[in-house]
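Before any comments, here is the structure.
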2 protein chains.
Amino acid sequence: MGWIDLDSRACSIARTLEIVGDRWTLLILRDVFNGVRRFADLQRHLGIARNVLTQRLTALVDAGILVRIPYREPGTRSRHEYEPTDRGHELLSVLLTIIAWGDRHLADASGPPVHVRHTACGADVRLVPVCEAGHAIKSASEVLIEPGPGARPARRSSSVSSQMD
Amino acid sequence: MGWIDLDSRACSIARTLEIVGDRWTLLILRDVFNGVRRFADLQRHLGIARNVLTQRLTALVDAGILVRIPYREPGTRSRHEYEPTDRGHELLSVLLTIIAWGDRHLADASGPPVHVRHTACGADVRLVPVCEAGHAIKSASEVLIEPGPGARPARRSSSVSSQMD
DNA sequence: CACCCTAGGTTCTTATTAGCAACTCAGCTG
DNA sequence: CAGCTGAGTTGCTAATAAGAACCTAGGGTG
(Lines give C-alpha, C1' and ligand atoms only; values in the text may rest on other atoms or scores of the structure.)
Protein backbone atom coordinates (compact mmCIF):
# COMPACT_ATOMS: atom_id res chain seq x y z
CA MET A 1 0.00 0.00 0.00
CA GLY A 2 1.38 3.37 -1.02
CA TRP A 3 0.59 5.58 1.93
CA ILE A 4 2.91 7.36 4.22
CA ASP A 5 3.17 6.43 7.86
CA LEU A 6 3.84 9.74 9.56
CA ASP A 7 3.50 10.56 13.17
CA SER A 8 -0.21 11.07 13.35
CA ARG A 9 0.23 13.77 16.01
CA ALA A 10 2.87 15.89 14.29
CA CYS A 11 0.29 17.13 11.85
CA SER A 12 -1.27 20.53 11.46
CA ILE A 13 -4.69 18.92 11.45
CA ALA A 14 -4.10 17.06 14.70
CA ARG A 15 -2.57 20.10 16.35
CA THR A 16 -5.40 22.37 15.27
CA LEU A 17 -8.01 19.84 16.35
CA GLU A 18 -6.45 19.73 19.82
CA ILE A 19 -7.71 23.30 20.12
CA VAL A 20 -10.91 23.42 18.09
CA GLY A 21 -11.74 19.73 17.65
CA ASP A 22 -14.69 19.36 19.96
CA ARG A 23 -18.42 19.91 19.74
CA TRP A 24 -18.43 23.40 21.23
CA THR A 25 -15.34 25.41 20.37
CA LEU A 26 -16.20 26.25 16.78
CA LEU A 27 -19.77 27.11 17.78
CA ILE A 28 -18.40 29.49 20.41
CA LEU A 29 -16.19 31.08 17.76
CA ARG A 30 -19.14 31.37 15.39
CA ASP A 31 -21.03 33.28 18.07
CA VAL A 32 -18.04 35.44 18.94
CA PHE A 33 -17.60 36.33 15.25
CA ASN A 34 -21.28 37.20 15.24
CA GLY A 35 -20.81 39.59 18.13
CA VAL A 36 -21.95 37.40 21.03
CA ARG A 37 -19.07 38.12 23.35
CA ARG A 38 -20.19 37.87 26.95
CA PHE A 39 -20.28 34.83 29.15
CA ALA A 40 -23.98 34.90 29.96
CA ASP A 41 -25.00 35.63 26.35
CA LEU A 42 -22.89 32.79 25.02
CA GLN A 43 -24.22 30.46 27.67
CA ARG A 44 -27.84 31.32 26.89
CA HIS A 45 -27.45 31.31 23.14
CA LEU A 46 -25.53 28.06 22.88
CA GLY A 47 -27.23 26.20 25.70
CA ILE A 48 -23.81 25.06 26.87
CA ALA A 49 -23.06 24.07 30.47
CA ARG A 50 -21.44 26.94 32.38
CA ASN A 51 -18.39 25.02 33.53
CA VAL A 52 -17.72 23.74 30.02
CA LEU A 53 -18.03 27.28 28.64
CA THR A 54 -15.57 28.55 31.26
CA GLN A 55 -13.15 25.81 30.29
CA ARG A 56 -13.47 26.40 26.55
CA LEU A 57 -13.09 30.17 26.86
CA THR A 58 -9.96 29.93 28.99
CA ALA A 59 -8.54 27.35 26.57
CA LEU A 60 -9.22 29.70 23.66
CA VAL A 61 -7.61 32.59 25.54
CA ASP A 62 -4.60 30.39 26.38
CA ALA A 63 -4.31 29.41 22.73
CA GLY A 64 -4.24 33.06 21.73
CA ILE A 65 -7.47 32.82 19.76
CA LEU A 66 -9.56 35.05 22.02
CA VAL A 67 -8.61 37.88 24.37
CA ARG A 68 -10.44 39.08 27.46
CA ILE A 69 -11.28 42.74 27.02
CA PRO A 70 -12.44 44.67 30.10
CA TYR A 71 -15.47 46.89 29.62
CA ARG A 72 -17.81 48.75 31.87
CA GLU A 73 -21.48 49.37 31.32
CA PRO A 74 -22.72 52.49 33.09
CA GLY A 75 -23.94 51.63 36.57
CA THR A 76 -22.24 48.25 36.80
CA ARG A 77 -18.80 47.14 37.79
CA SER A 78 -16.06 46.37 35.28
CA ARG A 79 -16.58 43.13 33.39
CA HIS A 80 -14.88 41.57 30.42
CA GLU A 81 -15.85 40.19 27.07
CA TYR A 82 -14.14 37.93 24.57
CA GLU A 83 -12.76 39.19 21.29
CA PRO A 84 -11.02 37.25 18.55
CA THR A 85 -7.33 37.98 18.03
CA ASP A 86 -5.77 38.01 14.58
CA ARG A 87 -5.11 34.30 14.69
CA GLY A 88 -8.66 33.87 15.91
CA HIS A 89 -9.98 35.85 12.97
CA GLU A 90 -8.06 33.58 10.65
CA LEU A 91 -10.12 30.64 11.84
CA LEU A 92 -12.98 32.23 9.96
CA SER A 93 -11.80 30.40 6.85
CA VAL A 94 -12.39 27.11 8.65
CA LEU A 95 -15.91 28.21 9.56
CA LEU A 96 -16.51 29.32 5.98
CA THR A 97 -15.66 25.91 4.57
CA ILE A 98 -17.80 24.22 7.20
CA ILE A 99 -20.73 26.51 6.40
CA ALA A 100 -20.24 25.87 2.69
CA TRP A 101 -20.24 22.11 3.15
CA GLY A 102 -23.20 22.15 5.50
CA ASP A 103 -25.16 24.43 3.20
CA ARG A 104 -24.53 22.11 0.27
CA HIS A 105 -25.17 18.83 1.99
CA LEU A 106 -27.25 19.32 5.11
CA ALA A 107 -29.60 22.19 4.27
CA ASP A 108 -33.27 21.42 4.71
CA ALA A 109 -36.00 22.37 2.24
CA SER A 110 -36.03 25.98 3.34
CA GLY A 111 -32.51 26.56 2.07
CA PRO A 112 -29.20 27.33 3.73
CA PRO A 113 -29.59 28.87 7.19
CA VAL A 114 -26.56 31.15 6.97
CA HIS A 115 -25.19 33.54 4.40
CA VAL A 116 -21.69 34.89 4.38
CA ARG A 117 -21.49 38.18 2.57
CA HIS A 118 -18.78 40.63 1.64
CA THR A 119 -19.56 43.73 3.68
CA ALA A 120 -18.25 46.09 1.01
CA CYS A 121 -20.22 44.85 -2.00
CA GLY A 122 -22.87 42.57 -0.51
CA ALA A 123 -21.98 39.56 -2.65
CA ASP A 124 -21.75 36.05 -1.18
CA VAL A 125 -18.33 34.86 -0.11
CA ARG A 126 -16.87 31.50 -1.08
CA LEU A 127 -13.49 29.85 -0.62
CA VAL A 128 -11.93 28.63 -3.82
CA PRO A 129 -8.98 26.25 -3.83
CA VAL A 130 -6.22 27.40 -6.16
CA CYS A 131 -2.62 26.35 -6.55
CA GLU A 132 0.19 28.88 -6.45
CA ALA A 133 0.51 28.52 -10.21
CA GLY A 134 -3.03 29.83 -10.50
CA HIS A 135 -4.87 26.68 -11.59
CA ALA A 136 -8.36 26.22 -10.17
CA ILE A 137 -8.82 22.92 -8.34
CA LYS A 138 -12.06 21.21 -9.24
CA SER A 139 -11.84 17.98 -7.28
CA ALA A 140 -10.13 16.52 -4.24
CA SER A 141 -8.48 13.94 -6.48
CA GLU A 142 -6.38 16.69 -8.02
CA VAL A 143 -4.43 17.29 -4.82
CA LEU A 144 -1.94 15.31 -2.82
CA ILE A 145 -1.43 15.73 0.92
CA GLU A 146 2.20 15.01 1.59
CA PRO A 147 4.79 15.48 4.34
CA GLY A 148 6.40 18.89 4.64
CA PRO A 149 9.65 19.88 6.37
CA GLY A 150 8.19 19.48 9.87
CA ALA A 151 6.98 15.92 9.34
CA ARG A 152 8.28 13.18 11.63
CA PRO A 153 8.01 9.45 11.15
CA ALA A 154 5.58 7.57 13.36
CA ARG A 155 6.85 6.54 16.78
CA ARG A 156 4.37 3.72 17.08
CA SER A 157 6.04 0.37 16.47
CA SER A 158 3.83 -0.92 13.71
CA SER A 159 4.25 -3.61 11.14
CA VAL A 160 2.60 -1.34 8.63
CA SER A 161 4.48 -0.76 5.38
CA SER A 162 5.75 2.74 4.97
CA GLN A 163 7.72 4.97 2.67
CA MET A 164 9.09 7.21 5.34
CA ASP A 165 10.46 5.53 8.44
CA MET B 1 -26.11 44.76 21.33
CA GLY B 2 -26.49 44.16 17.63
CA TRP B 3 -26.27 40.47 17.23
CA ILE B 4 -28.79 38.06 15.91
CA ASP B 5 -30.35 35.47 18.14
CA LEU B 6 -30.94 32.54 15.80
CA ASP B 7 -31.64 28.99 16.69
CA SER B 8 -28.15 27.85 17.48
CA ARG B 9 -28.88 24.36 16.14
CA ALA B 10 -30.44 25.34 12.80
CA CYS B 11 -27.06 26.32 11.50
CA SER B 12 -24.86 24.70 8.92
CA ILE B 13 -21.97 24.87 11.33
CA ALA B 14 -23.85 23.08 14.10
CA ARG B 15 -25.22 20.50 11.69
CA THR B 16 -21.83 19.81 10.15
CA LEU B 17 -20.19 19.59 13.55
CA GLU B 18 -22.71 16.97 14.63
CA ILE B 19 -20.99 14.76 12.06
CA VAL B 20 -17.35 15.82 12.09
CA GLY B 21 -17.11 17.83 15.32
CA ASP B 22 -15.13 15.50 17.51
CA ARG B 23 -11.49 14.76 18.08
CA TRP B 24 -11.29 11.77 15.72
CA THR B 25 -13.54 12.11 12.70
CA LEU B 26 -11.47 14.64 10.75
CA LEU B 27 -8.29 12.71 11.53
CA ILE B 28 -9.94 9.58 10.15
CA LEU B 29 -10.89 11.50 7.02
CA ARG B 30 -7.37 12.85 6.69
CA ASP B 31 -6.06 9.30 6.72
CA VAL B 32 -8.71 8.06 4.31
CA PHE B 33 -7.84 10.88 1.89
CA ASN B 34 -4.23 9.81 2.26
CA GLY B 35 -5.10 6.28 1.26
CA VAL B 36 -5.31 4.63 4.68
CA ARG B 37 -8.59 2.83 4.13
CA ARG B 38 -8.64 -0.35 6.18
CA PHE B 39 -9.78 -0.81 9.72
CA ALA B 40 -6.55 -2.21 11.10
CA ASP B 41 -4.38 0.35 9.30
CA LEU B 42 -6.48 3.23 10.56
CA GLN B 43 -6.46 1.84 14.06
CA ARG B 44 -2.69 1.42 14.11
CA HIS B 45 -1.94 4.72 12.45
CA LEU B 46 -4.25 6.84 14.56
CA GLY B 47 -3.86 4.97 17.82
CA ILE B 48 -7.63 5.15 18.25
CA ALA B 49 -9.58 2.67 20.35
CA ARG B 50 -11.15 -0.02 18.17
CA ASN B 51 -14.69 0.45 19.40
CA VAL B 52 -14.49 4.20 18.81
CA LEU B 53 -13.15 3.62 15.30
CA THR B 54 -15.99 1.20 14.54
CA GLN B 55 -18.49 3.77 15.77
CA ARG B 56 -16.96 6.68 13.81
CA LEU B 57 -16.70 4.67 10.59
CA THR B 58 -20.31 3.52 10.73
CA ALA B 59 -21.41 7.09 11.52
CA LEU B 60 -19.45 8.36 8.50
CA VAL B 61 -20.97 5.66 6.30
CA ASP B 62 -24.46 6.52 7.63
CA ALA B 63 -23.81 10.19 6.88
CA GLY B 64 -22.89 9.32 3.30
CA ILE B 65 -19.34 10.52 3.68
CA LEU B 66 -17.64 7.15 3.34
CA VAL B 67 -18.70 3.95 1.58
CA ARG B 68 -17.68 0.40 2.37
CA ILE B 69 -16.08 -1.12 -0.72
CA PRO B 70 -15.54 -4.89 -0.79
CA TYR B 71 -12.15 -6.05 -2.02
CA ARG B 72 -10.27 -9.29 -2.05
CA GLU B 73 -6.54 -9.75 -1.73
CA PRO B 74 -5.35 -13.00 -3.35
CA GLY B 75 -5.37 -15.83 -0.83
CA THR B 76 -7.66 -14.13 1.68
CA ARG B 77 -11.38 -13.82 2.03
CA SER B 78 -13.36 -10.81 0.89
CA ARG B 79 -12.92 -7.75 3.08
CA HIS B 80 -13.94 -4.15 2.73
CA GLU B 81 -12.31 -0.80 2.89
CA TYR B 82 -13.60 2.74 3.29
CA GLU B 83 -13.65 5.22 0.43
CA PRO B 84 -14.82 8.81 0.46
CA THR B 85 -17.97 9.58 -1.50
CA ASP B 86 -18.38 12.82 -3.44
CA ARG B 87 -19.73 14.63 -0.40
CA GLY B 88 -16.87 13.14 1.56
CA HIS B 89 -14.37 14.47 -0.96
CA GLU B 90 -15.88 17.91 -0.56
CA LEU B 91 -14.86 17.90 3.11
CA LEU B 92 -11.31 18.20 1.85
CA SER B 93 -11.80 21.96 1.73
CA VAL B 94 -12.40 21.92 5.50
CA LEU B 95 -9.20 19.95 6.01
CA LEU B 96 -7.33 22.36 3.75
CA THR B 97 -8.32 25.38 5.83
CA ILE B 98 -7.45 23.55 9.03
CA ILE B 99 -4.04 22.59 7.63
CA ALA B 100 -3.49 26.17 6.49
CA TRP B 101 -4.34 27.59 9.89
CA GLY B 102 -2.27 25.01 11.75
CA ASP B 103 0.70 25.53 9.43
CA ARG B 104 0.55 29.27 10.02
CA HIS B 105 0.03 29.24 13.75
CA LEU B 106 1.12 25.95 15.25
CA ALA B 107 4.09 24.85 13.17
CA ASP B 108 7.25 24.19 15.16
CA ALA B 109 10.72 25.35 14.15
CA SER B 110 11.11 22.66 11.54
CA GLY B 111 8.31 24.10 9.43
CA PRO B 112 4.86 22.92 8.45
CA PRO B 113 4.45 19.15 8.73
CA VAL B 114 2.10 18.81 5.77
CA HIS B 115 2.07 20.08 2.23
CA VAL B 116 -0.94 20.12 -0.03
CA ARG B 117 0.08 20.10 -3.66
CA HIS B 118 -1.67 20.22 -7.00
CA THR B 119 -0.97 16.84 -8.54
CA ALA B 120 -0.88 18.23 -12.07
CA CYS B 121 1.63 21.04 -11.62
CA GLY B 122 3.18 20.36 -8.21
CA ALA B 123 2.44 23.81 -6.81
CA ASP B 124 1.10 24.30 -3.29
CA VAL B 125 -2.66 24.59 -2.91
CA ARG B 126 -4.37 27.30 -0.86
CA LEU B 127 -7.97 28.30 -0.33
CA VAL B 128 -8.66 31.93 -1.04
CA PRO B 129 -11.86 33.62 0.06
CA VAL B 130 -13.46 35.60 -2.72
CA CYS B 131 -16.89 37.12 -3.12
CA GLU B 132 -19.06 36.37 -6.13
CA ALA B 133 -18.22 39.81 -7.47
CA GLY B 134 -14.59 38.71 -7.61
CA HIS B 135 -13.14 40.78 -4.77
CA ALA B 136 -10.44 39.10 -2.70
CA ILE B 137 -11.20 39.06 1.03
CA LYS B 138 -8.22 40.01 3.13
CA SER B 139 -9.66 39.94 6.64
CA ALA B 140 -12.51 38.41 8.59
CA SER B 141 -13.77 41.89 9.38
CA GLU B 142 -14.73 42.30 5.73
CA VAL B 143 -17.47 39.69 5.93
CA LEU B 144 -20.79 39.40 7.65
CA ILE B 145 -22.35 36.10 8.70
CA GLU B 146 -26.08 36.57 8.45
CA PRO B 147 -29.26 34.48 8.41
CA GLY B 148 -30.20 32.85 5.14
CA PRO B 149 -33.56 31.48 3.99
CA GLY B 150 -33.36 28.43 6.26
CA ALA B 151 -32.71 30.38 9.45
CA ARG B 152 -35.12 30.03 12.35
CA PRO B 153 -35.40 32.19 15.44
CA ALA B 154 -34.15 30.72 18.70
CA ARG B 155 -36.65 28.64 20.67
CA ARG B 156 -34.85 29.24 23.91
CA SER B 157 -36.76 31.75 26.02
CA SER B 158 -34.05 34.29 26.64
CA SER B 159 -34.07 37.86 27.71
CA VAL B 160 -31.34 38.53 25.22
CA SER B 161 -31.89 41.38 22.80
CA SER B 162 -32.30 40.33 19.23
CA GLN B 163 -33.01 41.61 15.75
CA MET B 164 -34.81 38.53 14.59
CA ASP B 165 -37.37 37.10 16.96
C1' DC C 1 -9.62 -32.12 9.45
C1' DA C 2 -7.72 -29.94 13.76
C1' DC C 3 -5.27 -25.97 14.51
C1' DC C 4 -3.37 -21.36 13.88
C1' DC C 5 -3.52 -16.71 11.63
C1' DT C 6 -5.64 -12.41 10.34
C1' DA C 7 -9.04 -8.49 9.48
C1' DG C 8 -12.65 -6.58 11.38
C1' DG C 9 -15.23 -6.32 14.70
C1' DT C 10 -17.99 -6.79 19.76
C1' DT C 11 -18.12 -6.72 24.84
C1' DC C 12 -16.50 -5.62 29.18
C1' DT C 13 -14.41 -2.44 32.65
C1' DT C 14 -12.34 1.80 33.80
C1' DA C 15 -11.12 6.79 33.04
C1' DT C 16 -12.29 11.17 31.10
C1' DT C 17 -15.49 14.65 29.73
C1' DA C 18 -20.14 16.84 29.62
C1' DG C 19 -24.40 18.31 31.78
C1' DC C 20 -27.01 20.05 35.69
C1' DA C 21 -27.77 22.40 39.94
C1' DA C 22 -26.30 24.77 43.76
C1' DC C 23 -22.98 27.84 45.81
C1' DT C 24 -19.52 31.89 45.80
C1' DC C 25 -17.93 36.45 45.14
C1' DA C 26 -17.58 41.33 43.96
C1' DG C 27 -19.67 45.49 43.21
C1' DC C 28 -23.82 48.22 42.39
C1' DT C 29 -28.61 49.77 43.77
C1' DG C 30 -32.31 50.84 46.78
C1' DC D 1 -26.83 46.41 54.52
C1' DA D 2 -30.11 43.07 51.92
C1' DG D 3 -30.75 41.92 47.37
C1' DC D 4 -29.52 41.57 42.38
C1' DT D 5 -26.41 40.35 38.57
C1' DG D 6 -22.47 38.67 35.76
C1' DA D 7 -19.03 35.53 35.91
C1' DG D 8 -17.57 32.08 37.46
C1' DT D 9 -16.45 27.45 40.93
C1' DT D 10 -17.75 23.07 43.13
C1' DG D 11 -19.89 18.66 43.55
C1' DC D 12 -22.63 15.05 41.74
C1' DT D 13 -24.48 12.24 37.80
C1' DA D 14 -24.69 10.79 32.86
C1' DA D 15 -22.50 10.03 28.54
C1' DT D 16 -18.34 9.08 25.86
C1' DA D 17 -13.60 7.44 25.20
C1' DA D 18 -9.73 4.33 26.21
C1' DG D 19 -7.87 -0.30 26.97
C1' DA D 20 -7.95 -4.91 26.74
C1' DA D 21 -10.01 -9.34 26.15
C1' DC D 22 -12.97 -12.02 23.42
C1' DC D 23 -15.43 -13.50 18.96
C1' DT D 24 -15.89 -14.92 14.07
C1' DA D 25 -15.29 -16.21 9.23
C1' DG D 26 -12.36 -17.78 5.84
C1' DG D 27 -8.02 -19.32 4.48
C1' DG D 28 -3.45 -21.84 4.96
C1' DT D 29 -0.46 -25.52 7.17
C1' DG D 30 0.71 -30.22 9.09
Side-chain angles (χ1 to χ4, degrees), chain A residues 1 3 8-9 14 17-28 31-32 36-62 66-83 156-161, chain B residues 1 3 8-9 14 17-28 31-32 35-62 66-83 156 158-161:
Chain A
M1 34 208 105
W3 48 271
S8 176
R9 296 284 158 189
L17 290 179
E18 302 246 319
I19 304 174
V20 301
D22 70 280
R23 267 205 315 300
W24 288 116
T25 303
L26 286 173
L27 289 173
I28 293 170
D31 274 16
V32 172
V36 185
R37 306 201 155 174
R38 296 178 187 181
F39 188 90
D41 292 340
L42 286 164
Q43 199 267 316
R44 254 194 309 264
H45 189 229
L46 292 166
I48 184 177
R50 305 168 73 77
N51 52 356
V52 178
L53 180 56
T54 303
Q55 192 180 302
R56 286 302 112 88
L57 287 173
T58 45
L60 285 168
V61 170
D62 290 351
L66 298 179
V67 270
R68 259 179 265 262
I69 304 275
Y71 73 96
R72 178 161 215 159
E73 297 258 306
T76 63
R77 81 170 188 283
S78 161
R79 304 253 153 85
H80 53 261
E81 54 193 359
Y82 296 88
E83 259 186 34
R156 205 162 286 111
S157 68
S158 82
S159 60
V160 144
S161 75
Chain B
M1 34 211 104
W3 48 270
S8 176
R9 295 284 158 193
L17 290 178
E18 302 245 320
I19 304 174
V20 302
D22 71 280
R23 266 202 319 298
W24 287 115
T25 303
L26 286 173
L27 289 173
I28 293 170
D31 273 17
V32 171
V36 184
R37 308 204 153 172
R38 297 178 187 179
F39 188 92
D41 293 339
L42 286 164
Q43 198 268 317
R44 255 194 307 262
H45 189 231
L46 292 166
I48 185 178
R50 306 166 73 77
N51 52 355
V52 178
L53 180 56
T54 303
Q55 193 180 302
R56 284 305 112 87
L57 287 172
T58 45
L60 286 169
V61 169
D62 289 351
L66 298 179
V67 271
R68 259 180 262 262
I69 304 276
Y71 74 95
R72 178 161 216 160
E73 297 257 307
T76 64
R77 79 174 188 281
S78 162
R79 304 253 153 86
H80 54 262
E81 55 193 357
Y82 297 87
E83 259 185 35
R156 204 163 287 111
S158 83
S159 61
V160 143
S161 74

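Residue numbers start from 1 in every chain, and the chains themselves are labelled A, B, ... in the order their sequence lines are given, proteins ahead of strands.
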Under 4.0 Å between any heavy atoms, over every strand shown, what does A:N51 touch: base, sugar-phosphate, or nothing? Just pick one.
-> base

Rounded to the nearest Å, what distance is computed from the CG atom of residue B:L53 to the C1' atom of nucleotide D:dT16?
-> 15 Å

Expressed in angstrom and rounded to an integer, what is the separation of B:I48 atom CD1 from C:dT10 atom P?
-> 14 Å

Quick one: does B:T25's side chain have a donor or acceptor within less than 3.5 Å of a partner on B:D22's backbone?
-> no

Short side-chain to backbone donor-acceptor contact, B:Q43 and B:I48, under 3.5 Å | yes

Under-4.0 Å salt bridge between B:D41 and B:R44 = yes

Which nucleotide sits closest to the side chain of A:R79: D:dA17, C:dG19, D:dG6?
-> D:dG6

Let me know the distance between CZ of A:R68 and P of D:dG6, rounded to the nearest Å.
-> 18 Å

A:L27 has an atom CG; how far is it from atom C1' of C:dG19, in whole Å?
-> 16 Å

Whole-Å distance, A:D41 CG to D:dT5 P, equals 14 Å

Starting at CD of B:Q43 and ending at P of D:dA18, how long is that distance when rounded to a whole Å?
-> 11 Å

State whether A:Y82 places a side-chain N or O below 4.0 Å from either non-bridging phosphate oxygen (OP1 or OP2) of D:dG8.
-> yes

Winner on side-chain proximity to A:Y71, out of C:dG8, D:dA17, D:dA7, is D:dA7

Tell me which of A:F39 and B:D22 sits closer to the 5' end of DNA chain D, going by the nucleotide each one is nearest to.
-> A:F39

More 5' along DNA chain C: A:Q55 or B:L57, using each one's nearest nucleotide?
-> B:L57

Does D:dA18 have OP1 or OP2 sitting under 4.0 Å from an N or O in the side chain of B:W24?
-> yes

Between B:R72 and A:T54, whichever has its closest DNA chain D nucleotide further toward 5' is A:T54

Length of the line joining A:R38:CZ and D:dG6:C1', which is rounded to integer Å = 10 Å

Check: B:R50 side chain, D:dG19 base, donor-acceptor under 3.5 Å | no

Distance, nearest 0.5 Å, that separates CG of B:L42 from CD of B:E81 | 10.0 Å

For A:R23 and B:G21, indicate whether the former's side chain and the latter's backbone hold a donor-acceptor pair under 3.5 Å.
-> no

Counting just side-chain N and O atoms, does B:H80 come under 4.0 Å of either OP1 or OP2 of C:dA7?
-> no

Tell me: CZ of B:R23 to P of C:dA15, nearest whole Å?
-> 17 Å

